[in-house]
Amino acid sequence: MKNRTISVNHQLIYKNFGDGCKFHVSEPKTDAGKRTIPMTETVHRAFVELYQFLISREPQPMIGWRFSMCKK
């Protein structure tokens with residue numbers, strides 16, 4: 001969050017891939033889906049509050065992915 005940008009490099013979809021309808025994390029379908037977005041001050045404050053909340057709780061693994069903002 002130091003450079004106040006959001007890197008969009010994966011997506012969360014709810015779909016049936018033969019294992020029933022479930023949430024799946026995958027890469028965007030096209031290169032255009034991968035992008036970096038600047039944060040407004042309001043969004044930055046919200047992420048700081050979310051980060052402080054998340055680091056106070058027990059880690060929850062997400063198979064195959066990790067959220068870089070949650071690293072200690």
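Sparse packing is recorded around CG of Asp31, with 12 or fewer heavy atoms of other residues, nucleotides or ligands lying under 6.0 Å away.
By the 4.5 Å heavy-atom criterion applied to side chains, Asn9 and Pro28 are not counted as neighbours. Residues Gln11 and Ser26 meet the side-chain proximity criterion, which asks for heavy atoms closer than 4.5 Å. In this structure, the side chains of Arg45 and Thr40 stay at 4.5 Å or more apart for every pair of heavy atoms. Residues Glu41 and Arg4 meet the side-chain proximity criterion, which asks for heavy atoms closer than 4.5 Å.
Taking NZ of Lys29 as the start and CD1 of Ile13 as the end, the distance is 7.5 Å to the nearest 0.5 Å.
For the pair Glu27 (side chain) and His10 (backbone), a donor-acceptor distance under 3.5 Å is absent. The backbone N or O of Ile55 sits nowhere less than 3.5 Å from a side-chain atom of Arg57 that would complete a donor-acceptor pair.
Contact detail for Met39 and Thr5: the closest heavy-atom pair is CE-O, 3.6 Å. The minimum heavy-atom distance linking Lys22 with His24 is given by the pair O-CD2, 3.1 Å.
In terms of hydrophobic clustering, with Ile, Leu, Val, Met, Phe, Trp and Tyr side chains grouped at heavy-atom distances under 4.5 Å, Val25 and Tyr14 are assigned to a common cluster.
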